[in-house]
Amino acid sequence: MTLAVAVLTFVTLQRLAELPWAAANTRRLLAIGGREVGAGHYPAVVALHAAWLASLWWLAPGRPVDLGVLAAFATTQVGRLWVLWTLGRRWTTRIIVVTGERLVASGPYRFVRHPNYLVVAAEIALLPLVFGLWELALLFSALNAAAMAVRIRAEDAALRG
């Protein structure tokens with residue numbers, strides 16, 4: 001197994017392992033009275049992430065790995081774990097608002113309003129760069145920025161309301 005394939009396998013397994021956790025958290029939050037916001041754009045976000053990962057699997061195997069950029073990507077994984085740990089049972093891939101719940105203000109949320117989106121933006125840019133695929137980094141960064149503009153607006157509106 002090449003280093004490129006090992007990195008892609010790690011990221012793929014990480015994402016697949018997170019899905020059941022996110023689904024369980026979503027079910028639990030909805031069961032206690034939560035409501036989903038922005039469901040209309042959710043399939044586009046899922047498609048974007050799936051296309052990003054699929055394009056990496058298509059283009060990256062066999063390419064050289066830039067260890068410096070890989071180290072930067074690994075740093076984003078520390079940020080990802082910090083977000084997941086901080087949100088715990090509130091973390092989900094959907095926007096679920098539970099009336100009466102306080103916003104999380106600990107962990108990375110002390111410093112940044114949407115740290116998870118910041119981490120994801122860094123991941124989407126950095127992982128293609130690990131393999132020298134700067135065009136892919138630009139393309140998916142632009143698509144992600146457009147999707148996050150819609151998503152953050154929906155989330156902020158729901159939290160204000």
Side-chain angles (χ1 to χ4, degrees), residues 7-8 10-57 69-70 72-130 133-161:
V7 169
L8 291 173
F10 169 79
V11 173
T12 302
L13 291 176
Q14 178 188 51
R15 297 309 196 265
L16 291 174
E18 290 171 353
L19 291 176
W21 182 30
N25 286 344
T26 297
R27 285 190 303 275
R28 187 184 60 73
L29 291 168
L30 293 173
I32 63 170
R35 63 184 170 82
E36 183 172 1
V37 177
H41 72 260
Y42 183 72
V45 172
V46 171
L48 171 75
H49 286 261
W52 171 74
L53 198 52
S55 66
L56 286 166
W57 273 106
V69 181
L70 182 59
F73 180 79
T75 301
T76 67
Q77 299 314 286
V78 173
R80 181 180 197 79
L81 290 173
W82 194 18
V83 167
L84 296 176
W85 180 263
T86 300
L87 290 178
R89 294 174 52 134
R90 294 171 99 180
W91 180 80
T92 179
T93 58
R94 297 179 178 270
I95 302 171
I96 308 294
V97 178
V98 180
T99 303
E101 286 282 325
R102 293 176 125 170
L103 285 178
V104 174
S106 61
Y109 292 86
R110 290 178 303 196
F111 310 108
V112 180
R113 182 157 173 82
H114 297 286
N116 191 58
Y117 301 147
L118 185 61
V119 167
V120 170
E123 290 173 327
I124 284 175
L126 287 171
L127 193 55
L129 293 176
V130 165
L133 298 168
W134 62 269
E135 300 95 337
L136 208 61
L138 283 175
L139 172 65
F140 280 99
S141 290
L143 293 171
N144 184 60
M148 289 305 99
V150 171
R151 186 170 177 88
I152 289 170
R153 202 167 332 157
E155 186 172 325
D156 284 347
L159 293 173
R160 278 192 306 273

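Note: hydrogens, waters and symmetry copies are ignored here, and every other heavy atom, side chains too, is used. We count residues from 1, following the sequence as given. Just so it is clear, the structure is predicted and the values come from calculations on it, not from any experiment.
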For [X], give me all partners under salt bridge (charged side-chain N to carboxylate O under 4.0 Å, His left out), at least two apart in sequence or on another chain.
X: Arg28; answer: none
X: Arg15; answer: Glu123
X: Arg113; answer: Asp156

Please report the shortest heavy-atom distance between [X] and [Y], naming the atom on each side.
X: Ala158; Y: Val37; answer: CB-CG2, 3.6 Å
X: Pro20; Y: Leu16; answer: CD-O, 3.1 Å
X: Pro43; Y: Ala39; answer: CD-O, 3.3 Å
X: Gly88; Y: Asn25; answer: O-ND2, 3.3 Å
X: Ala154; Y: Ile95; answer: CB-CD1, 4.5 Å

To the nearest 0.5 Å, what is the distance between [atom1] ([X]) and [atom2] ([Y])?
X: Ser55; Y: Leu139; atom1: OG; atom2: CG; result: 7.5 Å
X: Thr76; Y: Leu127; atom1: OG1; atom2: CG; result: 8.5 Å
X: Ile124; Y: Leu56; atom1: CD1; atom2: CG; result: 10.0 Å
X: Leu8; Y: Leu53; atom1: CG; atom2: CG; result: 7.0 Å
X: Arg80; Y: Leu118; atom1: CZ; atom2: CG; result: 12.5 Å

field: Test item: Leu136 and Phe140 side chains (from C-beta on) under 4.5 Å apart, heavy atoms
entry: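 Yes. Closest side-chain heavy atoms under 4.5 Å.
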
query: Ala137: what forms a side-chain contact (heavy atoms from CB on, under 4.5 Å) with it, not counting sequence neighbours?
result: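 With sequence neighbours excluded, Ala137 shows a side-chain contact (heavy atoms from CB on, under 4.5 Å) to Pro128, Leu129, given in chain and number order.
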
- prompt: Can you list the residues that meet the side-chain contact (heavy atoms from CB on, under 4.5 Å) rule with Ala22, with sequence neighbours excluded?
  reply: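 Listed in chain order: Trp91, Thr92, Thr93.
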
field: For Thr12, side chain to side chain donor-acceptor pair (under 3.5 Å) partners two or more places apart
entry: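 So Thr12 forms a side chain to side chain donor-acceptor pair (under 3.5 Å) with Trp57.
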
Partners passing side chain to side chain donor-acceptor pair (under 3.5 Å) against Thr86 (at least two apart in sequence or in another chain):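 Thr86 satisfies side chain to side chain donor-acceptor pair (under 3.5 Å) with no other residue.
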
task: Kindly determine whether Val11 and Gln77 satisfy side-chain contact (heavy atoms from CB on, under 4.5 Å), including the steps that lead there.
output: CA-CA 10 Å; Val11 173; Gln77 299 314 286; 5.7 Å; no

Qualifying residues under ring pair (Phe, Tyr, Trp, His ring centres under 6.0 Å), relative to [X], sequence neighbours excluded:
X: Phe73; value: none
X: His49; value: none
X: Trp82; value: none

Taking only distance into account, with no hydrogens and no angle test, what donor-acceptor pairs under 3.5 Å do side-chain atoms of residues 99-112 form with protein atoms, sequence neighbours excluded?
from	atom 1	to	atom 2	distance (Å)
Glu101	OE1	Arg90	NH2	3.3
Arg110	NE	Gly107	O	3.1

- request: Sequence neighbours left out, what pairs pass salt bridge (Lys or Arg N to Asp or Glu O under 4.0 Å) with at least one residue falling in residues 32-48?
  value: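 Sorted pair list: Glu36-Arg94.
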
message: Taking atom CH2 as the centre, does Trp134 end up with more than 12 heavy-atom neighbours from other residues, nucleotides or ligands that are less than 6.0 angstrom away?
response: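 Atom CH2 in Trp134 is not packed in, count stays at 12 or less.
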
task: Decide side-chain contact (heavy atoms from CB on, under 4.5 Å) for His114 and Arg151; before the verdict, give the C-alpha distance in whole Å, the side-chain angles of both, and the deciding distance to 0.1 Å.
output: CA-CA 11 Å; His114 297 286; Arg151 186 170 177 88; over 6 Å; no

query: Can you list the steps and then say if Tyr117 with Glu155 is a side-chain contact (heavy atoms from CB on, under 4.5 Å)?
result: CA-CA 12 Å; Tyr117 301 147; Glu155 186 172 325; 2.4 Å; yes

